Each structure stands twice: as structure tokens, then as C-alpha cells.
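Comments concern the structure below.
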Amino acid sequence: MVEINTKKIDPSKKVQEYIKPRIIYLPLENKREEEYKHLVKEGDYVYKGDVVAINTKTKFPLHSSVSGYVIKGTMKKISSGKLIKCIVIENDFKEKYRTPKGTKKEINKLTKKEFIEALFDNGITGLSGSNFPTYLKYKGKVKYLIVNGVECEPYNSCDNAIMYQNTEEILEVVDAIMEINNIEKAYIAINETNTKVINKYLKYINTYPNIKIYLAGNYYPSGWQKDLVENIFHITYNKLPMEQGIVVNNISTIYSIYEMLKYQIPLTERIITIIGDGVKKETNVKVKIGSNLSEIIPLIGGYKKDVSNHIFITGGPLNGTSHPDDDIIVTKDLTSVLVLENIDEKVYPCIKCGKCIKNCPVKLKPIFITNNINNKEKLKKLHPEKCIKCGLCSYICPSRIELKEIVKKARDICE
């Protein structure tokens with residue numbers, strides 16, 4: 001575990017909006033390589049919120065974030081760096097829903113079955129980067145809920161903004177989720193250094209006796225869900241927290257559930273962080289799912305220098321992916337874009353410091369895995385499948401060896 005102090009955008013700073021993209025691109029594959037079958041064709045008119053594709057494996061829906069006409073499909077890059085075939089929709093800027101939306105409703109009146117169906121129908125997924133369908137987490141008996149607002153990834157600030165600027169809504173929907181699912185207790189996890197957010201919640205928390213504040217340590221990865229479960233309940237699990245009757249939801253996901261329950265709208269927009277020494281204005285910005293970063297960044301402040309002089313890291317410097325350009329599509333799992341002027345990426349020989357081994361949260365030996373990347377039998381004994389892809393090994397390596405990527409490759413070899 002490593003303490004990491006990096007700049008965060010002030011959570012009270014107003015969130016910008018860029019919700020009028022000219023064109024949106026909806027990828028027909030997610031980062032788990034699950035494919036989607038498109039339900040629309042070129043020339044079709046779609047309303048905002050219409051289901052335009054479904055997951056061929058899970059039948060999970062993909063919604064249009066704008067109203068407009070479907071035009072010829074194309075290939076676009078998602079945050080993982082992979083080129084994916086996309087449904088392309090030209091925005092008519094009318095924001096037309098097939099049925100009127102926006103009427104406020106009481107958010108705790110659904111049955112558990114209706115709640116799970118609503119999560120499915122409205123495409124609610126994990127917005128911390130997992131993109132895991134949220135409805136699956138609530139299918140069994142849920143005893144406890146952890147609302148993860150730790151946001152331990154350096155520079156990422158979108159969750160902080162949502163926590164601070166929507167405190168009452170967050171508490172309201174957590175209380176409703178508990179009532180609908182008969183949950184005994186909920187814990188809202190916040191980084192212990194985030195005093196502005198903590199003080200805001202302490203102002204209201206006594207109104208909700210079954211909702212508690214948990215202060216997570218200021219280290220990476222204190223927001224890892226297994227770490228949270230172990231620290232709060234002193235128990236562990238094998239694969240998923242649901243094994244212990246625990247649901248862990250990211251704070252952005254919780255807010256999307258609030259909007260779904262309150263206004264009956266699907267997940268078609270999210271807040272992302274755009275930050276780094278390459279942009280003129282560091283900000284959290286609300287964007288449409290399917291927007292292109294090459295269109296967003298120039299219109300919310302732009303670059304300090306020519307765009308060709310920058311690198312782009314999606315998802316954060318530790319757990320993210322580096323890109324040479326900004327032609328990247330906003331998907332539900334995109335949390336942030338770190339824009340940096342070109343940096344020295346030279347890799348040096350390992351100095352045998354052992355930092356990657358000492359600081360691995362799951363006790364792997366990344367440098368040993370690296371040294372045996374061409375020996376499958378030895379790789380299996382080093383268990384690369386346990387890697388949680390936190391990126392700490394690469395971050396802490398003084399030789400700048402891309403250990404995370406090598407361990408990821410080893411996982412694929414051993415599958």
C-alpha cells in the first residue's frame with residue numbers, strides 16, 4: 001500500500017457540461033469483449049433513451065444518448081485502446097424521448113423485483129471503470145451496502161464532485177435502496193483527507209441512523225472493494241462481495257440510480273475528469289455516452305500546445321491506458337482523461353529494488369512474472385490471474401518497466 005498525494009479538482013467547483021455533441025458513437029463491444037447486436041440501421045430515427053443494441057450474451061441494453069438519425073457505422077477507439085465497430089447517430093439537438101421523461105417520483109416505492117428490472121432496462125452499470133451490470137449485484141439477499149466514494153486513483157475527481165454537490169440526493173437514494181432491498185446498514189466510504197466532503201455528509205448523516213460514514217486511509221488502493229470489505233467488516237470473499245451478502249456500488253453509479261428512480265431515465269450521460277498539464281482548464285465535465293474526446297476537450301478550454309504534443313491516459317495514471325491522440329469515445333466505464341505533454345518514456349533495466357513485490361496488494365511478484373513471460377509453466381506457479389490491474393507495480397518502478405501490462409499479458413497466456 002502506497003500513500004499517493006496528487007492534485008484533485010476542488011469538489012465544490014462547478015461541473016461543466018458538454019451535452020451537445022454533433023455525433024455520438026456507440027461501440028458494439030465492451031471491454032470484456034462481449035459483443036452487442038445492433039437493432040437499428042442507417043436512416044432510422046431514434047429517440048434519446050431508445051435501445052439501439054443488446055448484448056448478445058446477457059441481453060443487456062445499449063441506449064442512445066441523443067435523438068437523431070442513424071448514419072453509416074464506423075470503427076472508433078475506446079478507452080482500452082481497442083478499435084470497435086460503432087453505431088453512429090447524428091444529433092438533432094432536440095433531446096426527444098419516445099415517452100415524456102422528467103416527472104419526479106417517490107424513489108422508494110418499487111418492489112425488489114421492479115428495482116432489479118429497472119436497473120436492467122435502464123442500462124445501469126458500474127461507473128468506476130468496471131462496467132459491471134448493477135442489476136446482478138442485487139439478485140440475492142443483500143445485508144449490507146458499501147457506497148464507494150474513496151476515488152483513490154490519482155487525479156480522478158468526478159466522484160468527489162458528485163458526492164459534494166449532490167449530498168442530499170445521494171443519502172436519499174441510498175436510503176431508498178436500503179428500503180427496497182431490506183438492507184440492514186449502509187456505509188459511505190470517503191478518503192480520510194477529503195474533509196470538505198466529509199463535513200458535508202456529517203451535516204446530514206444523523207437523519208439516517210442506518211447509514212454510516214467510513215473513512216478510508218489515504219493510500220492506494222484504499223478504494224479497492226476487497227480492501228473496503230475487509231476493513232469495514234473484517235471478513236473476506238473469493239470472487240465477489242455478494243458471496244457475503246454485500247453490495248459495493250461506486251458513488252457515480254449510485255447517483256445514476258437516483259436519476260433512474262427519480263426521473264425514469266436510462267444511463268446516457270456521466271461526469272468525467274479532464275485534467276493534466278496539457279490542458280488550459282482542468283475540470284469535471286458532464287458528457288453524453290458516445291461523445292468523442294477530440295470534440296469535447298477543444299470546446300471546454302482546449303490544449304496549451306498543439307494536440308500532437310500530448311499523450312492521453314484514460315482511467316487514471318495507475319489503472320489507465322495511454323493513447324497517442326484524443327480520438328477516443330466516452331463509454332460508461334471512462335472516468336477520466338489525464339492530458340500530459342510528452343514525457344520521457346525510456347525504460348531502464350531492473351535494479352532489483354523489490355518495490356513491486358513489497359507493494360503489490362495481492363502479494364504477486366511482478367518482476368518474476370516479467371522475467372518468466374516466455375515460460376508458461378513457471379507463469380502458472382506465479383498466479384498472474386490474481387492481478388487486480390491496479391497499476392501500482394508500474395507506478396512504483398524506478399526503472400519505468402510497464403509491469404502492469406506484462407502481468408496482464410501473462411494472465412492471457414495462462415488462461
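As the structure is a computational prediction, the values presented were derived from the model and not from experiment. Numbering starts at 1 and runs along the sequence shown.
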Between N166 and Y258, is a side chain to side chain donor-acceptor pair (under 3.5 Å) present by the stated rule, with each step listed?
CA-CA 10 Å; N166 302 280; Y258 171 81; over 6 Å; no

Heavy-atom closest contact (P154 atom, P317 atom, distance):
O-CD, 3.3 Å

May I ask you to say whether E29 pairs ionically with K82, meaning some side-chain N is under 4.0 Å from a carboxylate O?
yes

Between M75 and I84, is there a side-chain heavy-atom distance shorter than 4.5 Å?
no

Is K109 salt-bridged to E114, cutoff N-O under 4.0 Å?
no

Quick one: do E385 and R411 make a salt bridge, cutoff under 4.0 Å?
no

K20/E95 ion pair, N-O < 4.0 Å
no

Using only atom types and a distance under 3.5 Å, with no angle test, would you say the side chain of D10 pairs donor to acceptor with the backbone of S12?
yes

Tightest non-hydrogen contact, residues G126 and T253, listed as CA-OG1, 3.5 Å

Shortest non-hydrogen contact from L364 to L382?
CD2-O, 3.6 Å

Taking N30 for its side chain and E33 for its backbone only, find out whether a donor-acceptor pair lies under 3.5 Å.
yes

Ring centre gap for F120 and Y138 strictly below 6.0 Å
no

For Y164, is the NZ or CZ atom of K200 found under 6.0 angstrom from the centre of its six-membered ring and inside 45 degrees of the ring axis?
yes

Hey, are the side chains of S67 and V46 touching, using non-hydrogen atoms and a 4.5 Å cut-off?
no

Pair K112, N181 - check side chain to side chain donor-acceptor pair (under 3.5 Å), show working.
CA-CA 6 Å; K112 181 180 175 77; N181 292 277; 3.0 Å; yes

Check: S157 side chain, Y155 main-chain N or O, donor-acceptor pair, under 3.5 Å
yes

Please check if the number of heavy atoms outside K226 that lie under 6.0 Å from its NZ is greater than 12.
yes

Take atom NZ in K196; do more than 12 heavy atoms of anything else shown fall under 6.0 Å from it?
yes

Test your reading of the model: is there a side-chain donor-acceptor pair from K386 to the backbone of K363, 3.5 Å cut-off?
no

With a sphere of 6.0 Å drawn around CZ of F368, does it hold more than 12 non-hydrogen atoms of other residues, nucleotides or ligands?
no

Quick check for you: to the nearest 0.5 Å, what is the distance between N250 atom CG and L127 atom CG?
6.0 Å

Using a distance-only test with no angle check, is there a side-chain donor-acceptor pair under 3.5 angstrom linking S336 and N156?
yes

Does K37, at its NZ atom, have more than 12 non-hydrogen atoms belonging to other residues, nucleotides or ligands within less than 6.0 Å?
no

Over 12 non-hydrogen atoms of neighbours within 6.0 angstrom of CD in E230
yes

For K355, is the NZ atom crowded, meaning more than 12 foreign heavy atoms sit under 6.0 Å from it?
no

V150 versus D159: any side-chain heavy-atom pair under 4.5 Å?
no

side-chain contact (heavy atoms from CB on, under 4.5 Å) for H323 and T321? Distances and angles first, verdict last.
CA-CA 7 Å; H323 308 264; T321 304; 3.9 Å; yes

Do the side chains of K141 and N182 get nearer than 4.5 Å, heavy atoms only?
yes

Can you check whether Y36's main-chain N or O pairs, donor with acceptor, with T56's side chain at less than 3.5 Å?
no

Would you please say whether a donor-acceptor pair under 3.5 Å links the side chains of E192 and N218?
no

When rounded to the nearest 0.5 Å, the distance separating OG of S322 from CD of E405 is 9.5 Å

Flag the pair L145 / I211 as yes when at least one side-chain heavy-atom distance between them is below 4.5 Å, and no otherwise.
no

Decide, yes or no, whether a salt bridge links K305 with E341 under the criterion of side-chain N to carboxylate O below 4.0 Å.
yes

Before accepting this row, confirm whether a basic side-chain N of the pair K113/E117 lies closer than 4.0 Å to the acidic partner's carboxylate O.
yes

Would you kindly check if the NZ (Lys) or CZ (Arg) of K212 is within the cone defined by 45 degrees around the ring axis of Y187 and under 6.0 Å from the six-membered ring centre?
no

How about E295 and Y18: does a side-chain donor come under 3.5 Å of a side-chain acceptor?
yes

Salt-bridge test for E172 and K262: reply yes if a basic N is under 4.0 Å from a carboxylate O, no otherwise.
yes

Are N249 and N148 linked by a side-chain donor-acceptor pair shorter than 3.5 Å?
no

Donor-acceptor pair, distance only, cut-off 3.5 Å: does the side chain of Q244 make one with the backbone of T236?
yes

OH (Y25) and NZ (K288) are apart, to the nearest 0.5 Å, by 16.0 Å

Over all atoms of both residues, closest heavy-atom pair of P21 and S291:
CG-OG, 3.6 Å

K77 and D327 ion-paired at < 4.0 Å:
no

Taking the side chain as C-beta and beyond, is there a heavy-atom pair between I190 and Y214 under 4.5 Å?
no

I313 versus V339: any side-chain heavy-atom pair under 4.5 Å?
no

Which heavy atom of Y220 sits nearest to which heavy atom of E153, and what is that distance?
OH-OE1, 3.4 Å

CD1/I9 to SG/C158 distance, rounded to the nearest 0.5 angstrom?
9.0 Å

Between the side chain of R270 and the main-chain N/O of L334, is any donor-acceptor distance below 3.5 Å?
yes

Taking the six-membered ring for Trp, are F312 and H310 parallel (under 30°), tilted (30 to 60°) or perpendicular (over 60°)?
tilted

Once you round to the nearest 0.5 Å, how far does NE2 of H63 lie from CG of L267?
9.0 Å

So does K408 pair up with E402, basic N to acidic O under 4.0 Å?
no

N191 and Y219 side chains, donor-acceptor separation under 3.5 Å
no

Reference residue T125; test side chain to side chain contact (heavy atoms under 4.5 Å, CB included); the match among Y135, F60, F132:
F60

How far does CE of M242 sit from CG of L136, to the nearest 0.5 angstrom?
6.5 Å

Residues K304, D277; criterion salt bridge (Lys or Arg N to Asp or Glu O under 4.0 Å); working and verdict:
CA-CA 8 Å; K304 289 181 178 178; D277 62 14; over 6 Å; no

Closest non-hydrogen atom pair between G149 and N160, with its separation:
O-OD1, 4.2 Å

Check: T283 main-chain N/O paired with Q16 side-chain donor or acceptor under 3.5 Å:
no

Could you tell me whether a side-chain N or O of K280 sits under 3.5 Å from a main-chain N or O of P298, the two making a donor and an acceptor?
no

Could you check whether any side-chain heavy atom of Q165 comes within less than 4.5 Å of a side-chain heavy atom of V15, counting everything from C-beta outward?
yes

